[in-house]
Amino acid sequence: MSRQKDAVPIITIDGPSGAGKGTVCRLVAQRTGYHLLDSGSLYRLTALSAMQSGIDMDDEERVAAVAQGLDINFVAADSSTSIYLSGKDVTHAIRREEVGMGASKVAAYQKVRAVLLDRQRAFARPPGLVADGRDMGTVVFPRAAVKIFLTASADERARRRVLQLREAGEAADVSAILADIRARDERDSQRSTAPLVRAPDALMLDSTNLSIEQVVDVILAHAASMH
Ligand code: DC
């Protein structure tokens with residue numbers, strides 16, 4: 001079945017947390033020269049902003065109002081992007097575990113997702129976009145020419161997260177991290193709005209036994225084969 005493609009070439013990379021999407025997307029963006037959308041950061045920023053303002057996270061209306069009013073600035077450098085919320089650098093703050101849990105919660109709200117849709121689509125600018133998330137290929141950019149669904153086993157994802165935390169000098173308990181990953185998977189895939197599912201036309205890629213470089217190469221080869 002042929003479908004009308006987006007005017008700007010888009011590569012969507014969806015999948016559960018810890019599958020390596022962040023690093024893979026950054027490298028694919030570097031190799032193609034495309035812009036990068038880290039859509040998870042928008043949910044994290046919404047959660048952080050709501051937490052900082054003492055807003056009840058169970059109040060969908062108020063959380064959606066927070067998402068609507070976010071004052072965000074992404075400042076891209078060579079190998080990383082700094083993220084500012086109302087002028088303050090929150091690049092590291094939004095990666096904290098409790099902000100991740102808050103993000104998973106606010107991401108289940110239909111109103112929050114609707115509010116963030118236009119912000120995400122605005123990232124599609126020439127020469128192209130690599131979009132990292134859960135619903136990039138299904139909801140936000142359904143006409144993207146190249147779609148990838150990147151997974152890894154829960155154990156492997158927990159192992160990678162522990163390594164990441166230890167490298168950052170933070171204490172990490174494997175069983176707690178694994179439980180956390182499973183809880184988040186469950187919530188992200190069971191929610192009624194934009195659940196984490198593979199788009200029917202997405203390439204399924206299991207990174208459990210692959211290096212980052214191998215994953216990037218498979219994606220670039222797949223993208224080249226689609227042109
Ligand atoms: O990828 P991440 O861990 O930064 O995402 C944070 C949370 O946001 C995670 O629980 C899933 C959710 N999310 C989402 O629902 N849709 C997206 N497109 C990206 C992230």
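Both counts, for ligands and for their atoms, begin at 1 and track the order of listing.
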**Report entry** Heavy-atom check, side chain of Leu129 versus side chain of Leu36, under 4.5 Å
**Finding:** no

Requested in this report: Determine whether Asp135 and Arg113 make a side-chain contact, defined as any pair of heavy atoms from C-beta on separated by less than 4.5 Å.
Outcome: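 A side-chain contact exists here, since the closest heavy-atom pair is under 4.5 Å.
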
Starting from [atom], find the nearest protein heavy-atom neighbour and note its residue, name and distance.
atom	value
atom 16 (N) of ligand 1	Arg113 NH2, 3.0 Å
atom 1 (O) of ligand 1	Arg134 NH1, 2.9 Å
atom 19 (C) of ligand 1	Ser39 OG, 3.4 Å

Requested in this report: Could you tell me whether some N/O pair between Tyr43 and ligand 1 is separated by less than 3.5 angstrom?
Outcome: no

If you count the atoms of ligand 1 from 1 in the order shown, which ones are under 4.0 Å from a heavy atom of [X]?
X	answer
Arg44	2 (P), 3 (O), 4 (O), 6 (C)
Ala103	6 (C), 7 (C)
Met136	18 (N)

**Report entry** Aromatic ring proximity Phe141/Phe123, centre distance under 6.0 Å
**Finding:**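 No; Phe123 has its ring centre 6.0 Å or more from that of Phe141.
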
Query raised in the report: Taking atom CZ of Arg121 as the centre, does the number of heavy atoms from other residues, nucleotides or ligands within less than 6.0 Å exceed 12?
Result: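 Above 12, so yes.
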
Query raised in the report: Counting only heavy atoms not in Asp56, do more than 12 sit closer than 6.0 Å to its CG atom?
Result: yes

Query raised in the report: To which of Ser104, Ala107, Ala47, Gly40 does the heavy atom nearest atom 10 (O) of ligand 1 belong?
Result: Ser104

Requested in this report: For a side-chain hydrogen bond (donor to acceptor under 3.5 Å, both in side chains) with Ser207, tell me which candidate from Arg157, Gln214, Arg160 qualifies.
Outcome: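 Running side-chain hydrogen bond (donor to acceptor under 3.5 Å, both in side chains) over Arg157, Gln214, Arg160 with Ser207 returns exactly one hit, Arg160.
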
